[in-house]
Student: 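Can you read through this structure? Questions will come right after.
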Protein chains: 2
Amino acid sequence: MTASADSSQEVLTQEQFQAISRTLADPRRFAILQQIASQQSLLCGSLDVQGCISPATISHHLRELQEAGLVDAERQGRSMCLRLRRSIWNAYIRHLQQI
Amino acid sequence: MTASADSSQEVLTQEQFQAISRTLADPRRFAILQQIASQQSLLCGSLDVQGCISPATISHHLRELQEAGLVDAERQGRSMCLRLRRSIWNAYIRHLQQI
DNA sequence: ACATCTCTTAGATAGACGTCGAACTATCAG
DNA sequence: CTGATAGTTCGACGTCTATCTAAGAGATGT
């Protein structure tokens, strides 16, 4: 086992950091992230998206969140189960704190 | 004196939070912010901007940082003196931590 | 097999944003 | 006053991105 196996102390590359920053810039996307974070895990269909947003747009935002490494998604029957990657989120905050 | 006079515990409105998130999304702007934060105060001309960026663009980014409330700017002769607003920065990080 | 539910992908469009050059303002030195 | 230095403002341009509709794809129930 490696020392970096301690996922509570992950460190982000510059690219990861920038990807996350870009991802958080959209208010809708941050709102989605908040909902995912507020539960242990959340089904995609349970997302409460105010303001008549199309499924395609939700899917787009979820992919951005996944590609930024902030969210994990897993099929569960017809639905997608979403989870915040806490270790990445914590690493992002630590990065900001180092400023 | 009011309770909110304690600037170490400022709270951001939704609009402030979103403005800051948008502002941080640009890597160049974050790099500028880092430099400002690394000093008590910094003259605009002392900014080390890698990659041939025009004065107009720097000025643009600095205004964004100011309008987001992250940076204070003050004339000093011909130069502009820049300072990070720590209380706002800390409030932003606290907001992220509440997720 | 078929219909249904739940997302995803593709393509198009409109608006936001980073960037620059050029012209402008403000400050200071002679 | 003149010239030089330091930023700012303006207008334009190209790229990126949030959004939609329409069509596709995977899972489940009948």
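Residue numbers begin at 1 in each chain, while the letters A, B, ... track the order of the sequences.
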Student: Which parts of nucleotides 25-30 of chain D does protein reach within less than 4.0 Å, heavy atoms only, written one letter per nucleotide 5' to 3' as B for base, S for sugar-phosphate only and - for none?
Tutor: -BBS--
Student: Indicate whether OP1 or OP2 belonging to D/dG7 is found under 4.0 Å from a side-chain N or O atom of B/S79.
Tutor: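 For D/dG7, OP1/OP2 do have a side-chain N/O of B/S79 under 4.0 Å.
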Student: What's the CD1-C1' distance between A/I32 and D/dA18, to the nearest Å?
Tutor: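 After rounding, the reported distance stands at 12 Å.
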Student: Can you tell me if the side-chain N/O atoms of B/R63 get under 4.0 Å from OP1 or OP2 in D/dT9?
Tutor: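 Yes, because at least one side-chain N or O of B/R63 sits under 4.0 Å from OP1 or OP2 of D/dT9.
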Student: Take atom CG of B/D26 and atom C1' of D/dT15, then tell me their distance rounded to the nearest Å.
Tutor: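 B/D26 atom CG is separated from D/dT15 atom C1' by 13 Å.
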Student: Calculate the interatomic distance between A/H60 atom NE2 and C/dT8 atom C1'; express it in whole Å.
Tutor: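 The distance from NE2 of A/H60 to C1' of C/dT8 comes to 13 Å, rounded to the nearest Å.
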Student: Which sits closer to the 5' end of DNA chain D, B/L43 or A/H61, going by the nucleotide each is nearest to?
Tutor: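 Looking at DNA chain D, the more 5' nearest nucleotide goes with B/L43.
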Student: It should be established whether B/R29 places a side-chain nitrogen or oxygen under 4.0 Å from OP1 or OP2 of nucleotide C/dG18.
Tutor: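 Looking at the OP1 and OP2 atoms of C/dG18, one of them is under 4.0 Å from a side-chain N or O of B/R29.
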Student: If you check the B/A56 side chain, which of C/dG21, D/dT17, C/dT9 turns out closest?
Tutor: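 Of all the options, the side chain of B/A56 is nearest to C/dG21.
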Student: Classify the angle between the aromatic ring planes of B/F30 and A/H95 as parallel (below 30°), tilted (30 to 60°) or perpendicular (above 60°).
Tutor: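 B/F30 and A/H95: tilted rings.
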Student: For B/F30 and C/dG18, what is the distance between atoms CZ and P respectively, to the nearest whole Å?
Tutor: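 Going from CZ in B/F30 over to P in C/dG18 covers 16 Å.
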Student: Have a look at B/T57 and say if it touches a base, only the backbone sugar-phosphate, or nothing, with a 4.0 Å heavy-atom cut-off.
Tutor: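 Base: the residue B/T57, judged by heavy atoms under 4.0 Å, touches a nucleobase.
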Student: Would a distance-only check, ignoring hydrogens and angles, find a side-chain to backbone donor-acceptor pair under 3.5 Å from A/S59 to A/P55?
Tutor: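 Between the backbone of A/P55 and the side chain of A/S59 there is no qualifying donor-acceptor contact (under 3.5 Å).
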Student: Is there side-chain contact between A/C44 and A/S79, with at least one heavy-atom pair below 4.5 Å?
Tutor: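 No, their side chains stay 4.5 Å or more apart.
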Student: What is the distance, to the nearest angstrom, from the CG atom on A/L47 to the C1' atom on C/dT6?
Tutor: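 Atom-to-atom, A/L47 to C/dT6, this comes out as 13 Å.
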Student: Closest nucleotide of DNA chain D for A/I53 versus for A/R22: which of these residues is on the 5' side?
Tutor: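 Its nearest nucleotide lies further toward 5', so the answer is A/R22.
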Student: Quick one: are A/L82 and A/D72 in side-chain contact, heavy atoms under 4.5 Å?
Tutor: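 The answer is no; the side chains never approach within 4.5 Å.
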Student: Return the value, rounded to whole Å, for the distance between atom CG of B/L65 and atom C1' of D/dG7.
Tutor: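 Value for this atom pair: 15 Å.
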Student: Rounding to a whole Å, what distance do you find between B/E74:CD and C/dA26:P?
Tutor: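 Spelled out: CD on B/E74 to P on C/dA26 is 18 Å.
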Student: Just so I know, are the side chains of A/M80 and A/E74 near enough to count as touching, which here means a heavy-atom distance under 4.5 Å?
Tutor: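 With C-beta onward as the side chain, the pair stays apart.
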Student: Quick one: does A/R29's side chain get under 4.5 Å of A/L24's, heavy atoms only?
Tutor: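 Answer no - side chains too far apart.
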Student: Please check the phosphate of D/dC20 (OP1 and OP2 only) for any side-chain N or O of A/S54 closer than 4.0 Å.
Tutor: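 Indeed, a polar side-chain atom of A/S54 lies that close.
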Student: Under 3.5 Å, is there a donor-acceptor pair between the side chain of B/R22 and the main chain of A/P27?
Tutor: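 A pair under 3.5 Å: no.
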Student: Establish, from distance only, whether the side-chain atoms of B/T23 and B/E64 form a donor-acceptor pair under 3.5 Å.
Tutor: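 No pair is found: no donor N or O on one side chain lies under 3.5 Å from an acceptor on the other.
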Student: From C-beta outward on A/S59, which listed nucleotide comes closest to its side chain: C/dT19, D/dG7, C/dT8?
Tutor: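 When the side chain of A/S59 is considered, C/dT8 is the closest of C/dT19, D/dG7, C/dT8.
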Student: Just the rounded figure in Å: distance from P of C/dG18 to CD of A/Q18.
Tutor: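 Value for this atom pair: 13 Å.
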Student: Choosing from C/dT8, D/dT21, C/dT19, which nucleotide comes nearest the side chain of A/M80?
Tutor: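 Selected nucleotide: C/dT8.
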